[in-house]
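Below is one structure; the comments refer to it alone.
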Amino acid sequence: MANFAKSRVPRFSAEVYQNPYLPEGGREVHAIVTVTATGGGTTGGRPIPAAGSGPDAGVVIIVDCSGSMNHPPAKLRGAREATAAAIDTVRDGVGFAVVAGTHRAVEVYPGGGRLAVAAADSRTQAKEALRTLTAGGGTAIGSWLRLAGHLLSPAGAGVRHALLLTDGRNEHESPRELRAALDACAGTFTCDARGVGTDWEVKEVTAIASALLGTADIVTDPAGPAADFTRLMETAMGKEIAGVGLRLWTPLGTETVFVRQVAPTVADLTGRCRRSDPRSADYPTGSWGDESRDYHLCLRVPAADIGREMLAGRISLIFSAPDEGDPARQPSQPRSEPLSQGQSQGQPQPLSQGLVRAVWTDDVAAATSIHPQVAHYTGQAELAQAIQQGLDARKSGDTDGALAKLGRAVQLAASSGNAETAKLLAKVVDVVDTATGTVRLKAKVAEADEMTLETRSTKTVRVKK
């Protein structure tokens, strides 16, 4: 594993796309905010920590070892191979551990409630330890995540990440227990979740990834998750900063209707905000490397007369370390703007800012125009919802509802250029007319195809230039 040179951390920028014009009495303001991080590198840039300083980042690989992982035996073999591939990709100096999950969580490597520091010898030892993995017992995912959180807690204030592979439903915990575990882990580490085979619950796995700001996907070939785990770990190793929040300031009388991430996936952040002061709320964004994401804001402003103009909201990217009270655990901070007028030294320094405006006009064309970015992502959010509702209707036997929703999804996928989603839809419905959204339900649909469509329904495409 190569050593990396001087640490690089991202520079953040925020661009706001909106039509600020409202008719007389108009109240809803929509804006798309594109956040871009550059300069951090996509393969990792942190130096190897000095001896005794502890890891600057941490990853935990969680492998489902319940009894079902032995049916067929290739499933557990594939999980071992995937875990070994991920271990080979862990950057030198990063803390890592492997956890086996059944009706309880067990440390496979290194043990002792700690992380090993990645190096040639520790990677070899970890892969040797994988030979002890056997299948047996039940499934209690909440306990697996809690152990991951415990193991990651000493990993400095840098990136903390988990990879989770499961093949079954969370049958040995109540939904409330899993929800409590997710609430306890949210904000402390991110998690990519993968379901292998077709016996797991899509909504369960996607809820885990959503709560922990990671990705979810299906591995249809039980013997083949190694390439996916390698890619996921490479992406995790490319993350250079965690603890970046989207801070939304709104003036008195303005309400926040919703805040959503809309690219590369749809994720509703509205209910995850934390108040930083009476007029500001912080929304978590997870870990960042070299990448760009889009967010959709909807604000409800007080009605005003023609000719009035107001600042409807101010977006700031704010860095806050997980343990702000301990200077020894601070990572390298991202480059940022100088302190703005009126901002005290004790307040978090914005990494970038953008303004959302509202202007009331009697120009009908201006007031009724929808910005292309807003229109596109409104359609992408509707596409994800239509797929979910259509598949739920299909499962419940509501043929008319399924046809209406999946037909609308076909329309939206085509009009937005979301070719991948269109291909997945074509495995569930026969498309009669794309323009009108006329479809027929297929008489036979492979379970893996239906689960793939549901799992990937929130993936979006960027606006076509």
Can a salt bridge be assigned to the pair [X] and [Y] using a cut-off of 4.0 Å between side-chain N and carboxylate O?
X: Arg169; Y: Asp199; value: no
X: Lys127; Y: Asp88; value: yes
X: Arg179; Y: Glu173; value: no
X: Arg231; Y: Glu234; value: no

**Complete:** dist Arg194:CZ -> Phe229:CZ (nearest 0.5 Å) comes out at 8.0 Å

Does [Y] offer a backbone N or O that forms a donor-acceptor pair with the side chain of [X] under 3.5 Å?
X: Glu291; Y: Gly289; answer: yes
X: Thr270; Y: Val259; answer: yes
X: Thr206; Y: Lys203; answer: yes

**Prompt:** So Tyr17 and His371, would you call those rings parallel, tilted or perpendicular, with 30° and 60° as cut-offs?
**Reply:** tilted

**Request:** Please report the C-alpha distance between Ser292 and Arg462 in whole Å, then the side-chain angles of each, then the deciding distance to 0.1 Å, and finally whether the side chain to side chain donor-acceptor pair (under 3.5 Å) criterion is met.
**Result:** CA-CA 10 Å; Ser292 180; Arg462 309 300 283 268; 3.2 Å; yes

**Asked** Going by distance alone, is a donor N or O of one side chain under 3.5 Å from an acceptor N or O of the other, for Ser457 and Gln388?
**Response** yes

**Request:** Say whether Thr265 and Gln261, considering side chains only, have a donor N or O and an acceptor N or O under 3.5 Å apart.
**Result:** yes

**Shortest non-hydrogen contact from Thr102 toward Gly136** = CG2-O, 3.1 Å

**Fill in**
Of all heavy-atom pairs linking Ala409 and Leu383, the shortest is O-CD1, 3.3 Å

**Item:** His30 ring center near His296 ring center (under 6.0 Å)
**Value:** yes

